[in-house]
Amino acid sequence: MTLKVYNTLSGKKEEFETIEPGEVRMYVCGPTVYDSCHIGHARSVVFFDVVYRLLLSMGYRVTYIRNFTDVDDKIIKRANELGVTSEAISEKYIAEFYRDMDALNVKRATLEPRATHHIDDIIGIINVLIDKNMAYPVDGDVYFRVTAFEGYGKLSGRKLEDMEAGARIEVDERKENPFDFALWKSAKPGEPFWESPWGQGRPGWHIECSAMSWQLLGESFDIHGGGKDLIFPHHENEIAQSEAAFGKSFVRYWLHNGFVNINSEKMSKSLGNTTLIKDILDVYHPEAVRLFLMSNHYRSPIDFTEQSMKESSGNLDKLYALLLRVSDTYGNLPIIRLNSNNKARSGPVWKDFFAAMEDDFNTAKGLAVMFDAVRKTNRLLDDVTGETAFETKIQVEVLTTDIVKIANILGILSEIPMEYFERKQKDALESSAVDPEKIQKLIDERTAARKSKDFASADRIRKELEDMRVAIEDRPEGTIWKMMD
RNA sequence: GGCGGCUUGGCCAAGUGGUAAGGCGACGGCCUGCAAAGCCGUUAUUCUCCAGUUCAAAUCUGGAAGCCGCCUCCA
């Protein structure tokens with residue numbers, strides 16, 4: 001069993017081998033904190049969260065870095081518009097990022113550095129690059145000399161010559177080459193700045209990641225990730241800076257996730273269809289969002305629609321309903337949860353799931369394995385008889401342990417099933433203005449009618465409840481109800 | 001103009017040489033007073049099209065069509 005990952009650098013799936021045995025060093029580009037996070041951020045952050053969880057489950061010691069870009073033109077622009085400091089903007093959106101991602105059950109990274117806390121490291125790298133003649137200062141700016149770095153374009157598969165042909169890039173006369181990019185930008189009036197050998201200014205966008213990864217992970221590390229859009233120019237430029245500065249291979253495996261479309265359309269500010277995480281979480285359970293994000297391969301585009309979210313919500317219900325059913329039947333869910341953390345106790349379902357995940361994080365296939373197991377477990381529970389009870393219990397426990405273990409990797413099923421359904425009901429009630437006491441009264445009436453075999457009345461009451469969007473289920477232990485979606 | 005990707009049933013989606021996972025939906029059945037939930041069965045002789053390689057292709061090769069992304073801030 002070996003993990004295989006698709007490496008953007010080679011364009012192939014490769015066997016995953018760490019630089020240091022048993023240890024993974026991973027850096028993922030975090031957000032530029034100038035606005036609220038949207039579902040696209042969620043995809044990237046949740047995907048790498050799953051990668052992180054999987055690596056941990058494989059027994060690796062993982063150092064996971066996810067940065068915040070807290071100095072940038074867009075932040076400055078926003079701050080000026082609102083008449084506040086850049087810092088105020090970045091603090092606000094960092095806080096929002098945590099609120100959104102915590103809600104989505106995303107684990108914190110090992111370290112979550114900010115660009116502004118690493119200005120000295122940034123200046124240090126720029127100095128090295130200038131000394132090596134890979135960069136040049138002009139009027140307080142410093143540019144990277146792309147033609148001096150032989151491998152420029154190797155990540156994105158471009159050649160400088162090809163790009164120049166169709167380039168629509170502003171010509172800056174001070175640059176030696178139009179593709180030279182800023183390592184340091186001189187401060188204009190009203191902009192935040194730091195002192196540097198080239199005067200007051202601030203770092204360019206790409207250099208911070210080279211500086212922080214160097215400081216926190218070293219000159220070479222295992223995984224670098226981010227959205228597909230970062231391949232060029234951001235990651236291409238990071239490679240150029242880091243490899244030029246340190247003369248070593250920068251990153252072994254480059255992982256890039258695909259985009260989220262909204263109703264088959266590219267999500268963009270100009271189309272006005274930017275879908276924010278916080279707005280989605282007003283309507284859908286965070287774990288339903290995770291389930292949705294896992295429903296296709298991370299490198300493919302995924303389409304956010306009401307239908308797909310409803311499906312994911314329904315699937316989440318199905319999973320929690322199974323857990324509830326198991327604990328109602330056996331009352332041993334805490335034991336199962338405990339076992340699910342024990343590596344030695346994994347069954348065949350976990351092995352199938354893991355095999356899918358090992359193949360470049362095939363979560364869609366992994367989900368299929370899990371839903372197969374759900375069906376198997378329900379089938380067993382349907383067929384419980386006195387004779388088979390003990391044997392069934394063991395089989396159910398093995399299956400459920402695997403399901404919970406899988407859920408731990410996907411970052412779902414973190415709630416107590418009973419509480420999940422209670423909260424769901426409470427939320428639905430709040431948005432529907434239906435009186436729960438009235439519901440209970442009607443259910444009691446119906447139960448009485450059923451007892452006296454007055455099924456006409458019973459059905460009439462059920463219809464009445466349905467009109468209130470209340471669905472009922474008659475169970476051996478009594479009638480339960482829930483709000484319809 | 002340059003680079004890259006995608007096209008699998010009503011919908012979503014796995015599957016990279018050995019005869020089409022899974023989810024949603026629909027239909028039939030079990031269960032139920034009737035339902036719901038759960039379970040069982042049916043739902044792609046076929047994988048955009050054409051040609052080729054092969055004993056064998058959704059999977060490899062060549063070509064065509066359609067869709068999309070990146071090349072500018074962007075997860």
Side-chain angles (χ1 to χ4, degrees), chain A residues 8 11 13 28-32 34-35 37-48 72-74 77 153 156-159 161-170 179 205 225-234 236 256-261 264-270 274 291-292 295-303 305 307-308 310-312 314-315 317-318 321-322 324-325 352 356 359 362-383 449-450 453-456 458-459 462-463 466 471-476 479-482 484:
Chain A
T8 306
K13 266 188 220 173
V28 176
C29 286
T32 299
Y34 75 105
D35 205 348
C37 290
H38 51 63
I39 183 69
H41 294 104
R43 187 179 200 192
S44 178
V45 173
V46 168
F47 167 65
F48 286 104
D72 170 89
D73 290 352
K74 293 190 293 296
K77 183 166 171 263
S156 53
R158 302 153 202 267
K159 298 188 185 85
E161 312 89 77
D162 292 341
M163 292 196 294
E164 285 174 52
R168 269 199 279 158
I169 189 163
E170 260 182 67
F179 291 94
W205 174 33
K228 261 194 162 81
D229 52 325
L230 296 181
I231 295 170
F232 190 90
H234 185 53
E236 192 70 65
H256 294 98
N257 63 276
F259 291 109
V260 179
N261 291 136
S264 311
E265 243 179 2
K266 178 188 157 89
M267 180 170 61
S268 75
K269 299 217 165 175
S270 56
T274 308
L291 217 43
F292 160 71
S295 68
N296 80 349
H297 191 93
Y298 76 95
R299 283 189 280 116
S300 307
I302 188 169
D303 198 19
T305 63
Q307 193 198 333
S308 57
K310 282 198 166 151
E311 264 181 38
S312 294
N315 281 336
D317 280 354
K318 194 178 179 134
L322 177 78
L324 189 61
R325 194 177 178 195
D352 287 348
D359 185 11
N362 194 334
T363 51
K365 194 173 178 183
L367 246 31
V369 171
M370 183 166 65
F371 282 107
D372 253 346
V374 169
R375 186 152 33 80
K376 270 188 194 129
T377 311
N378 271 315
R379 187 161 52 210
L380 285 166
L381 291 167
D382 277 354
D383 294 341
R450 288 179 69 217
K453 308 271 184 207
D454 179 5
F455 295 122
D459 289 349
R462 181 169 57 204
K463 180 74 176 51
E466 276 169 8
I472 55 171
E473 272 181 50
D474 296 327
R475 298 204 183 171
T479 298
I480 63 145
W481 61 274
K482 60 183 182 185
M484 294 182 214

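Side chains are part of it too, since the values below use all heavy atoms of this structure and drop only hydrogens, waters and symmetry mates.
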Next on the checklist: For a quick check of understanding: with a heavy-atom distance under 4.0 Å over all strands, which category does A:Phe455 fall into, base, sugar-phosphate or nothing?
Outcome noted: base
Checklist entry - With sugar-phosphate meaning primed atoms plus P, OP1 and OP2, does A:Asn378 contact a base, only sugar-phosphate, or nothing at under 4.0 Å between heavy atoms? => result sugar-phosphate
Checklist entry - Between B:C6 atom P and A:Arg299 atom CZ, what is the distance in whole Å? => result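 Distance check: A:Arg299 CZ to B:C6 P gives 8 Å.
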Checklist entry - Whom does B:G62 pair with, Watson-Crick or G-U wobble, provided both distances fall under 3.5 Å? => result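 B:C50 is the nucleotide pairing with B:G62.
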Next on the checklist: Measuring only between side-chain heavy atoms, which start at C-beta, is A:Phe259 closer than 4.5 Å to A:Lys266?
Outcome noted: no
Checklist entry - Looking for any heavy atom pair under 4.0 Å, which part of the strands does A:Leu381 touch: base, sugar-phosphate only, or nothing? => result nothing
Checklist entry - When you compare B:G18 with B:A56, how far apart are their C1' atoms, in angstrom units rounded to a whole number? => result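 After rounding to an integer number of Å, I get 6 Å for this pair.
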Checklist entry - How far, in whole Å, is B:A21 from B:G15 if one measures between their P atoms? => result 14 Å
Checklist entry - Is B:U19 paired to anything, Watson-Crick or G-U wobble with both distances less than 3.5 Å, and if yes, which nucleotide? => result none
Item to check | B:A20 to B:G62 separation - C1' atoms, rounded to the nearest Å | outcome: 25 Å
Next on the checklist: Between B:G10 and B:U48, how many Å separate the two P atoms, rounded to a whole number?
Outcome noted: 13 Å
Checklist entry - A:Lys77 has an atom NZ; how far is it from atom C1' of B:C73, in whole Å? => result 10 Å
Checklist entry - Do you know the tightest heavy-atom contact between A:Arg450 and A:Ala458? => result CG-CB, 3.6 Å
Item to check | Pair assignment for B:C74, Watson-Crick or G-U wobble, requiring both distances under 3.5 Å | outcome: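 The base-pairing partner of B:C74, which may sit in any strand shown, does not exist here.
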Item to check | Residue mapping more 5' on RNA chain B - nearest nucleotide basis, A:His41 or A:Lys453 | outcome: A:Lys453
Item to check | For B:U42, the Watson-Crick or wobble partner whose two distances fall under 3.5 Å | outcome: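 Partner of B:U42: B:A26.
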Item to check | Distance, rounded to the nearest Å, where A:Asp229 contributes CG and B:C68 contributes P | outcome: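 It is 19 Å, rounded to the nearest whole Å.
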Item to check | Between B:A36 (C1') and A:Trp481 (CH2): distance, integer Å | outcome: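 Atom-to-atom, A:Trp481 to B:A36, this comes out as 16 Å.
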Checklist entry - Just checking A:Gly258: base, sugar-phosphate only, or nothing, at a heavy-atom cut-off of under 4.0 Å? => result base
Protein and nucleotides 27-32 of chain B: nitrogen or oxygen contacts under 3.5 angstrom:
none

Checklist entry - Can A:Lys77 be said to sit on top of A:Tyr34's aromatic six-ring, NZ or CZ under 6.0 Å from centre and within 45° of the ring axis? => result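 The answer is no; the distance or angle limit is not met.
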Checklist entry - Does the side chain of A:Asn296 reach to within under 4.5 Å of the side chain of A:Asp303, using non-hydrogen atoms? => result no
Checklist entry - Any idea which of B:A36, B:G38, B:G22 is nearest the A:Glu473 side chain? => result B:A36
Checklist entry - Side chain of A:Trp205: nearest nucleotide among B:G22, B:C74, B:G23? => result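 Closest nucleotide to the A:Trp205 side chain: B:C74.
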Next on the checklist: Taking pairing as Watson-Crick or G-U wobble with both contacts under 3.5 Å, can you name the mate of B:A37, or confirm there isn't one?
Outcome noted: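 B:A37 is unpaired by these criteria.
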Next on the checklist: Output the rounded distance in Å from CE (A:Met370) to C1' (B:G23).
Outcome noted: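 Computing the A:Met370:CE to B:G23:C1' distance gives 11 Å.
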Checklist entry - Given atom CZ of A:Arg375 and atom C1' of B:G23, what is their separation to the nearest angstrom? => result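 So the two atoms are 10 Å apart, to the nearest Å.
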Next on the checklist: Is it the case that B:C34 (base atoms only) and A:Arg462 (side chain only) share a donor and an acceptor within less than 3.5 Å, ignoring hydrogens and angles?
Outcome noted: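 When only heavy-atom distances are counted, A:Arg462 does reach the base of B:C34 through a donor-acceptor pair under 3.5 Å.
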Checklist entry - If you look at every strand shown and take non-hydrogen atoms under 4.0 Å, does A:Gly227 touch a base, only sugar-phosphate, or nothing? => result sugar-phosphate
Item to check | Nucleotide opposite B:C3 in a Watson-Crick or G-U pair, distances under 3.5 Å | outcome: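 In the structure as shown, B:C3 has B:G69 as its Watson-Crick or wobble partner.
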Checklist entry - Contact class for A:Met267 (heavy atom, under 4.0 Å): base, sugar-phosphate, or nothing? => result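 Here A:Met267 touches the bases of the nucleic acid.
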Would you list the protein and nucleotides 11-15 of chain B atom pairs, both N or O, that sit under 3.5 Å from each other?
| from | atom 1 | to | atom 2 | distance (Å) |
| --- | --- | --- | --- | --- |
| B:A14 | OP1 | A:His297 | N | 3.0 |
| B:A14 | O3' | A:Asn362 | ND2 | 2.8 |
| B:G15 | OP1 | A:Asn362 | ND2 | 2.7 |

Next on the checklist: What's A:Lys269 touching, base or sugar-phosphate or nothing? Going by heavy atoms closer than 4.0 Å.
Outcome noted: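 Answer is nothing: A:Lys269 stays at 4.0 Å or more from every strand.
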Next on the checklist: For B:C70 and A:Lys266 - does any side-chain N or O of the residue sit under 4.0 Å from the phosphate oxygens OP1/OP2?
Outcome noted: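 Yes, because at least one side-chain N or O of A:Lys266 sits under 4.0 Å from OP1 or OP2 of B:C70.
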Checklist entry - How long is the line joining CG of A:Asn257 and C1' of B:G5, in whole Å? => result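 Atom-to-atom, A:Asn257 to B:G5, this comes out as 15 Å.
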Checklist entry - Are OP1 or OP2 of B:G25 and a side-chain N or O of A:Lys310 less than 4.0 angstrom apart? => result no
Next on the checklist: Just to be sure I understand the rule, does A:Phe259 reach a base, reach only the sugar-phosphate, or reach nothing, if contact means heavy atoms closer than 4.0 Å?
Outcome noted: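 Contact class for A:Phe259: base.
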Checklist entry - Looking across every strand, which nucleic acid part, if any, lies under 4.0 Å from A:Val260 by heavy atom: base, sugar-phosphate, or nothing? => result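 Base: the residue A:Val260, judged by heavy atoms under 4.0 Å, touches a nucleobase.
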Item to check | Between B:C73 (P) and A:Asp72 (CG): distance, integer Å | outcome: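 About 10 Å, once rounded to whole Å.
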Item to check | Pairwise P distance, B:C47 and B:G4 [rounded to whole Å] | outcome: 27 Å
Checklist entry - Is B:C31 paired to anything, Watson-Crick or G-U wobble with both distances less than 3.5 Å, and if yes, which nucleotide? => result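 Its partner is none (no Watson-Crick or G-U wobble pair with both distances under 3.5 Å).
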Item to check | Phosphate contact (B:G4 OP1 or OP2) by A:Arg158 side-chain N/O below 4.0 Å | outcome: no
Checklist outcome for this item: Heavy atoms of A:Gly225 and A:Phe48 approach each other most closely as CA-CZ, 3.5 Å
Next on the checklist: Both A:Lys376 and A:Ala458 contact RNA chain B. Taking the nearest nucleotide for each, which residue is further toward the 5' end?
Outcome noted: A:Ala458
Item to check | Base paired to B:A14 (Watson-Crick or G-U; both N/O distances under 3.5 angstrom) | outcome: none
